[in-house]
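Computed from a predicted model, the values in this text were never measured in an experiment. Convention: sequence-line order gives letters A, B, ...; per-chain numbering from 1. Values reported hereafter were calculated over all heavy atoms of this structure, with side chains retained and with hydrogens, waters and symmetry mates removed.
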Amino acid sequence: MTCPRSNANKYNFVRPKVKAFPMLDVKYLRDNLESVEARLKTRGEAVNLGAFKALDERRRGLLKVNEERKALRNKVSEEISRLKDKSQAQGRIAEMREVSQSIKSLDEELGRIEEELQGLLLTIPNIPNESVPVGDSEDDNVEIRRWGTLPEFSFTPRPHWEIGEELGILDFERGAKLTGARFTLYRGSGARLERALINFMLDLHTGVHNYIEMLPPFMVNRESMTGTGQLPKFEEDLFHLDGVDYFLIPTAEVPVTNIHRGEILKGADLPLYYTAYTPCFRKEAGSYGKDTRGLIRQHQFNKVELVKFVRPADSYHELEALLGNAEKVLQLLGLPYRVVTLCTADLGFSAAKTYDIEVWLPGQNTYREISSCSNFEDFQARRAAIRYREDDKAKPDYVHTLNGSGLAVGRTLVAILENYQQADGSVLIPEALRPYMGGVAKIG
RNA sequence: GGAGAGAUGGCCGAGUAGGUCGAAGGCGCUCGCCUGCUAAGCGAGUAUACUGGGUAAACCGGUAUCGAGGGUUCGAAUCCCUCUCUCUCCGCCA
């Protein structure tokens, strides 16, 4: 990897005026400690809010003392400034010198406490929404609907890696030669198909669903990763650059949500819908041996992402709409799928509620996740300090952020190969995609 | 990579012999007044976070914030150090 700028190790980006990363609402936490703890437990994760309580109380106690001393210093300093003859102030100056000393040490202690408090708060996941089914594992996810008719074959349908290799459009061996395991080289019509899908999805979301297209950086800094919740807990899943503190994005959610980090949006501008194509880079640590064949689990894959910034009151119907926008892609491509609601145990760290869309893969006789649509409520907005002001008189409030894949491109290609495969080894191109394939109706 | 300039409130823009500066002025915006409509005019107001009080409202008090971090000082937007970002010129380059 090359570095965008050499000889730089530390970055102090322009920070929002708000102290960013307050995660959960600290006041709410303080007042509802037990119920929050109970709701977080449904995620199946041990949470210890006792440490939070102790630190919070300690902080406020010290803060009170410290601020009183600062108030005194300010007052006396002002008095000194009004004296014509500064020699009269010697005693007070000496006194304030000591006060300043004690302020300095209190500042340091408070700094340590706040750092610890923030470190703790940053590792607490979002609270599941009431509508999320409580469960112990992914087996408790709830299927809410199916769409499409499963294709029937007069032969045994094959997995996409066989189809792709035979057609000469997917080259797993050379992908591994170029980089390593979980990298694939697309060739000819395969490369064209991937590109067609990207353009088809972007055109649909911008032209029909009214999203604004974004093309963000594919690597981001630590603040951005913290804003959406990948950091500090999941650093081992991310590719980090050498020599500069940047990460390759694991999803466009990160750069696109962080577009408005530290900003106060205008109510009149909401809701904001953004879509972006980006490659995604994931280490897939801990998934050794899983999905080792084919395109399903890659270290680098393409995705068209949908991101929304909305008013809190609207976020749940916006989630349904976003889910519908993602489903539309599959419907237009004629790919059967089902939608499931993730239960509390399967919910991602930052999400309050998530729907997964799973596409039918006949070659593997199973449904596989192809999109994940989530409402983060104000969790990311707090971390990233993204607020809005309804009108000029209103107080700023946190927006709700949502995002979803619209869709994972590689997996969509997989679904097309497997669902549209023919007895002779060729693959039909769905009608909607043909204009993007130069009119080609069939590969092979 | 080399040389230089800069970073102030929603925006523009004052403020460098340290003190009453959360910060002049203008624009914008909000409320009120006024002109028969519009435009103009007049008056008042207009940052955020944390924190204490209060009915988790209104409101009142305190602290912090003039790119970020640190230092000097009774006191810093103003002085010193470090870093980041932006702009201009040269070099290099898709």
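- Distance NZ (A:Lys395) to P (B:rU46): 11 Å, rounded to an integer number of Å.
- A 3.5 Å limit on both hydrogen-bonding distances identifies no Watson-Crick or G-U partner for B:rC37.
- Aromatic ring orientation, A:His209 versus A:Tyr211: perpendicular (interplanar angle above 60°, classes split at 30° and 60°).
- Comparing the same atom, C1', in B:rU48 and in B:rC66 gives a spacing of 14 Å after rounding to whole Å.
- The salt bridge (Lys or Arg N to Asp or Glu O under 4.0 Å) check on A:Glu390 picks up A:Arg311, with sequence neighbours excluded.
- Between A:Arg389 and the phosphate of B:rU48, there is a side-chain N or O to OP1/OP2 separation shorter than 4.0 Å.
- Using C1' as the reference atom, B:rU84 and B:rA44 are 41 Å apart when rounded to the nearest Å.
- The aromatic rings of A:His299 and A:Phe183 lie tilted to each other, with the angle between the two planes from 30° to 60°.
- Rounded to whole Å, atom C1' of B:rG62 lies 15 Å from atom CD of A:Glu78.
- We find that CZ of A:Arg387 is positioned 13 Å from C1' of B:rG10, with the value rounded to whole Å.
- Less than 6.0 angstrom separates the ring centroid of A:Tyr274 from the ring centroid of A:Phe309.
- B:rA64 atom P lies 12 Å from atom CG of A:Leu72, rounded to whole Å.
- The distance between atom CZ of A:Arg222 and atom P of B:rU84, rounded to the nearest whole Å, is 16 Å.
- Taking only side-chain nitrogens and oxygens, A:Asn74 comes nearer than 4.0 Å to OP1 or OP2 of B:rU63.
- As rounded to the nearest Å, B:rG43 and B:rG26 have P atoms that lie 11 Å from one another.
- With both ends at atom C1', the span from B:rA57 to B:rA64 equals 25 Å, rounded to whole Å.
- Pair assignment for B:rC21 gives none, since no Watson-Crick or G-U wobble pairing has each distance under 3.5 Å.
- Put simply, NZ on A:Lys266 is 10 Å from P on B:rC11, counting in whole angstrom units.
- Considering CG of A:Asn210 and CG of A:Asn325, their distance stands at 9.5 Å, rounded to 0.5 Å.
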Review item, nucleotides 54-56 of chain B N/O atoms under 3.5 Å of protein N/O:
none

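- Atom CD in A:Glu263 sits roughly 15 Å away from atom C1' in B:rC11 (whole-Å rounding).
- The phosphate of B:rG19 has neither OP1 nor OP2 within less than 4.0 Å of any side-chain N or O from A:Arg82.
- A:Arg43 has its side chain within reach of A:Asn126: a pair of non-hydrogen atoms, C-beta onward, lies under 4.5 Å apart.
- Each of A:Glu68 and A:Ala394 was matched to the nucleotide of RNA chain B holding its nearest heavy atom; the match closer to the 5' end belongs to A:Ala394.
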Distances for protein N or O near nucleotides 50-52 of chain B N or O, under 3.5 Å:
from   : atom 1 : to      : atom 2 : distance (Å)
B:rC50 : O2'    : A:Arg59 : NH2    : 2.7
B:rU51 : OP1    : A:Arg30 : NH2    : 2.7
B:rG52 : OP1    : A:Arg60 : NH1    : 3.1

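- Partners of A:Arg293 by side-chain hydrogen bond (donor to acceptor under 3.5 Å, both in side chains), not counting sequence neighbours: none found.
- Contact of the A:Tyr28 side chain with the A:Val36 side chain is registered, since non-hydrogen atoms from C-beta on lie closer than 4.5 Å.
- Applying the Watson-Crick and G-U wobble criteria (two distances, each under 3.5 Å), B:rC79 pairs with B:rG71.
- Nucleotide B:rA64 is matched to B:rU48 when pairs are restricted to Watson-Crick or G-U wobble geometry with both distances under 3.5 angstrom.
- For B:rA58, there is no paired nucleotide, since no Watson-Crick or G-U wobble pair has both relevant distances below 3.5 Å.
- Rounded to whole Å, the C1' atom of B:rC12 lies 30 Å from the corresponding atom of B:rA3.
- Pair check for B:rG43 finds B:rC31; Watson-Crick or G-U wobble, both atom distances under 3.5 Å.
- Residues meeting the side-chain hydrogen bond (donor to acceptor under 3.5 Å, both in side chains) test with A:Tyr420, sequence neighbours left out: none.
- At a threshold of 4.0 angstrom between heavy atoms, the contacts of A:Arg97 are confined to the sugar-phosphate backbone, with no base atom among them.
- Comparing the P positions of B:rC60 and B:rU73 gives a spacing of 38 Å, expressed to the nearest Å.
- Annotation: A:Arg297, atom CZ; neighbour count of heavy atoms from other residues, nucleotides and ligands within 6.0 Å is above 12.
- Within a 6.0 Å radius of CZ in A:Arg174, no more than 12 heavy atoms belonging to other residues, nucleotides or ligands are found.
- Listed pair A:Ser81 / B:rC74 fails the phosphate criterion, with no side-chain N or O lying under 4.0 Å from OP1 or OP2.
- Of the residues near RNA chain B, A:Met96 and A:Lys75, the one whose nearest nucleotide (by heavy atom distance) lies more toward the 5' end is A:Lys75.
- Searching all strands for a Watson-Crick or G-U wobble partner of B:rG6 with both distances below 3.5 Å returns B:rC85.
- Taking the C1' atoms as reference points, B:rC21 lies 9 Å from B:rG15, given to the whole Å.
- Going from the P atom of B:rG75 to that of B:rG70 covers 16 Å, rounded to whole Å.
- At a threshold of 4.0 angstrom between heavy atoms, the contacts of A:Arg69 with the nucleic acid are absent.
- Nucleotide B:rA76 holds its P atom 11 Å from the NZ atom of A:Lys70, rounded to whole Å.
- Residues meeting the salt bridge (Lys or Arg N to Asp or Glu O under 4.0 Å) test with A:Glu318, sequence neighbours left out: A:Lys308.
- Residue A:Lys104 is classed as a sugar-phosphate contact, given heavy-atom separations below 4.0 Å to backbone atoms only.
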